[in-house]
Amino acid sequence: MTRISLLFSCIALLVVSCGQPKNSKFDIAVSFDETVSTKNKDGRLLLMLSNDDSKEPRFQINDGLNTQLIFGMNVEAMAPGQPITFDESIFGYPYPSLDNVPPGEYQAQALLHVYETFDLSTGHTVKLPMDNGEGQHWNTSPGNLYSKPFKVTIGDNGLENVSIVMDQEIPPIPEPEDTEWIKHIKIKSEKLSEFYGRDMYLGAHVLLPKGFDEHPKAKYPLMVFHGHFPSDFGGFRTTPPDPNLEPEYSARFDLEGYNIIQQQEAYDFYQRWNEPDFPRFLIIEIQHPTPYYDDSYAVNSASQGPYGDAITYELIPEIEKQFRGMGEGWSRFLYGGSTGGWEALAVQVKYPEEYNGCFAACPDPIDFRAYCLTNIYEDDNAYYYDSAHKKLEVPSHRNYLGDIQSTLRQGNHLELVLGDKSRSGQQWDIWEATYSPQGDDGYPVRIWDKMTGDIDHEVAEYWKENYDLRHILERDWDKLGPQLKGKIHIYCGDMDNYYLNNAVYLMEDFLESTTEPYYDGEILYGDRAEHCWNGDPDQPNAISRLRYNSMYVPKIMKRIAESAPQGADLTSWRYQ
């Protein structure tokens, strides 16, 4: 055979080989039944496997050591009865491929996290999961389709010819009902509706003070409790704990009967709320879920829209109008923990004269030189420590002894399975959706490559100038200092599970260096305290986290006495 003939023979063989189907050990076909929907669906299609049959697989996916398995892909215009195949090529967590799953018996389940189309005012069209009253949780969101779990056996040869039909739909969630003490408000936000190209709403749960109806001329200061999506106002109970309540163990706090403790604390707060000398306030918990997370982080952002302005200039004035709030900056106070801690501080910084003090517990990173354990300005990679010869992953969660439960890479890869383009609805993605510029495709620009962890320092500079709270304070202290004097209070455990104390140390270094004026606030640390220590030196986290609504009141009253303007109403709301 000549060289030319040999060459053509090899090429022909190569073409035939490429055209042959790849042998696959996995062939899992997922579809949805027309009984749950007759319409085509966009969204994230998820396949879950679990060797723990104590509950459905969709409730066993997490970033901890007890997680089960999940694989995910995007679907567009998926039709009823149309099978979509999961094979070894589909990315998963904690195993990157079905080919890595150990042989054994598993409960299998599929779920479609439904996306809707948004025509943004920026000119972009994006597909996102709309919150449906659940607080942006893929496994409980009304309208999502899912299958009932069933048993499968994965052998050495994989799993072939398996069909999963999603014939269940998560039902709507009832709206909370008003009571004597707790009222609910929902408004259409003109600012957000314009941004998203559809009607968008903000809501709040309002706790009324004692004697609200009996004192119609009283106007009240406002306490804004920031945090994750609240289904109703929490921690307030007008009756003692249910005597028939079965005690439940809390693994987080290693406490038996923690559910009973929670009810007792809620009842104790109701009693304090009614004491003759307790100041009369309005307290609100805000509902502001976005298509990216269970709340907006309460600031304006490129991809999520003007939530900061909508909350401060639309929602809060409407609440104060309906429930006789004073409606002045000196009478408004912010507090919260974790996400709520960052929000409390960020809102105070972004709207310095609209609020008169923030109490930020265990805040999300407030200095991006300590974005947990990553310095986004100097590190090249978020997932691995810099080393010429050793590959060591950066941890993301520890207990108070320093034992590690997860790494940054693992948590981000879980998010990548749940949704690309910052659409997982999880922690790292919402920081990205809040802090990043908007990309050409209308979605947030990645701070780092989600697969490899390589950091984009141009994006990091955008974060720095717009959302690095320590940098903003230091850069603008000549203007912000006089407006924020006495308003900043930060609390954090020195063994925070997510290493959030590192950023607080850096913030403290700056604030303690301030002059003209000195910041004149407070930063305290809990010894060996985990997430989310909030400033109580006498009680453990398990108890102090249930006392947010009363623990800062003495500090707020001191702040009012020191800062209320001449002629301010300091009496109408102090009745017994």
Side-chain angles (χ1 to χ4, degrees), residues 176-185 204-216 218-227 230-248 250 253 255-286 319 323-326 331-337 340 357 359 361 491 532-561 570-576:
E177 297 181 359
D178 286 353
T179 69
E180 174 188 358
W181 293 97
I182 298 170
K183 308 299 180 183
H184 306 89
I185 182 174
H205 312 306
V206 184
L207 178 62
L208 299 180
K210 176 186 177 182
F212 179 81
D213 291 330
E214 292 77 13
H215 295 80
K219 292 189 175 182
Y220 302 97
L222 178 69
M223 294 168 57
V224 182
F225 186 10
H226 275 292
S231 58
D232 205 338
F233 194 94
F236 186 86
R237 181 183 176 90
T238 59
T239 57
D242 181 355
N244 298 317
L245 190 65
E246 289 291 330
E248 295 178 356
S250 169
F253 301 114
L255 280 176
E256 186 64 49
Y258 191 59
N259 55 333
I260 299 173
I261 294 172
Q262 288 175 307
Q263 288 195 359
Q264 183 64 54
E265 285 290 330
Y267 180 59
D268 289 348
F269 173 52
Y270 162 73
Q271 293 179 305
R272 289 194 297 275
W273 192 243
N274 281 276
E275 289 173 353
D277 60 346
F278 197 92
R280 308 306 173 197
F281 285 90
L282 296 169
I283 300 182
I284 64 171
E285 295 186 13
I286 301 175
I319 291 170
F323 300 102
R324 304 199 308 270
M326 290 182 175
S331 66
R332 298 175 182 146
F333 298 87
L334 306 154
Y335 62 105
F359 301 85
Y491 312 98
C532 188
W533 189 79
N534 56 13
D536 188 335
D538 301 318
Q539 296 292 338
N541 281 2
I543 301 301
S544 64
R545 68 186 293 270
L546 304 176
R547 298 181 178 179
Y548 271 102
N549 290 323
S550 59
M551 66 183 302
Y552 301 128
V553 168
K555 298 177 187 290
I556 290 174
M557 292 303 297
K558 181 175 182 291
R559 177 69 188 158
I560 288 176
L570 301 179
T571 58
S572 74
W573 49 281
R574 294 304 307 275
Y575 55 80
Q576 294 191 351

*Short question: side chain of Arg237, backbone of Gly235 - any donor-acceptor pair under 3.5 Å?*
no

*Counting N and O atoms only, with roles assigned by atom type, does the side chain of Tyr258 sit under 3.5 Å from a partner on the main chain of Ala542, one being a donor and the other an acceptor?*
yes

*Side-chain contact test, heavy atoms from C-beta onward, threshold under 4.5 Å: evaluate it for Phe281 versus Trp273 and give yes or no.*
yes

_Lys210 side chain near His215 side chain, heavy-atom distance below 4.5 Å_ = no

*Output all residues satisfying side-chain hydrogen bond (donor to acceptor under 3.5 Å, both in side chains) with Asn541, sequence neighbours left out; order by chain, then residue number.*
none

_Interatomic distance, Met551 atom CE to Arg545 atom CZ [nearest 0.5 angstrom]_ = 12.5 Å

_Validation row: Leu222, Phe323 side chains within 4.5 angstrom (heavy atoms)_ = no

_For the student: nearest non-hydrogen atoms of Pro176 and Ser231, plus distance_ = CG-O, 3.6 Å

*Rounded to the nearest 0.5 Å, how far apart are CD1 of Ile556 and OG of Ser550?*
10.5 Å

*If you take all heavy atoms of Ala218 and Ser572, which pair is closest and at what distance?*
CB-O, 3.4 Å

*So, for Phe212 and Trp181, is the gap between ring centers shorter than 6.0 Å?*
no

*Roughly how far, to the nearest 0.5 Å, is CD of Gln263 from CG of Leu245?*
5.0 Å

*asked:* Quick one, Asn534 with Tyr552, criterion side-chain contact (heavy atoms from CB on, under 4.5 Å). Give me CA distance, side-chain angles, the key distance, then yes/no.
replied: CA-CA 10 Å; Asn534 56 13; Tyr552 301 128; 3.4 Å; yes

_Taking every non-hydrogen atom, the tightest pair across Ile319 and Ala204_ = CD1-CB, 3.6 Å

*Evaluate the side-chain proximity of Phe269 to Leu546: yes if any heavy-atom separation is below 4.5 Å, no if none is.*
no

*Is there a side-chain contact between Phe253 and Ile261 (heavy atoms, below 4.5 Å)?*
no

*Any side-chain heavy atom of Leu207 within less than 4.5 Å of one from Met223?*
no

*asked:* Donor-acceptor pair, distance only, cut-off 3.5 Å: does the side chain of His205 make one with the backbone of Pro230?
replied: yes

*What are the two closest non-hydrogen atoms of Pro209 and Arg280, and how far apart are they?*
CB-CB, 3.8 Å

*Gap separating the CD atom of Glu265 from the CG atom of Asn549, nearest 0.5 angstrom*: 11.5 Å

*Only counting residues at least two apart or in another chain, list the ones meeting salt bridge (Lys or Arg N to Asp or Glu O under 4.0 Å) with Arg332.*
Glu320, Glu354

*Where is the tightest heavy-atom contact between Ala361 and Cys532, given as atom of each residue plus distance?*
O-SG, 3.9 Å

*Should we count CD of Glu246 as having more than 12 external heavy atoms under 6.0 Å?*
no

*Under a 4.5 Å cut-off applied to non-hydrogen side-chain atoms, are Asp232 and His184 in contact?*
yes

_Stepwise side-chain contact (heavy atoms from CB on, under 4.5 Å) test for Glu275 and Arg272_ = CA-CA 5 Å; Glu275 289 173 353; Arg272 289 194 297 275; 3.9 Å; yes

_Please confirm whether the ring centroid of Tyr270 lies under 6.0 Å from the ring centroid of Phe236._
yes

*Take Tyr220 and Leu208 through the side-chain contact (heavy atoms from CB on, under 4.5 Å) test and state the conclusion after the steps.*
CA-CA 10 Å; Tyr220 302 97; Leu208 299 180; over 6 Å; no

*Evaluate the side-chain proximity of Tyr548 to Tyr335: yes if any heavy-atom separation is below 4.5 Å, no if none is.*
yes

*Starting at CE of Met557, measure out to CG of Leu570 and round the result to the nearest 0.5 Å.*
8.0 Å

_Nearest 0.5 angstrom please: Arg574 CZ to Asp277 CG, how far?_
8.0 Å

*How far apart are the closest heavy atoms of Phe333 and Arg559, and which atoms are they?*
CE2-CG, 3.7 Å

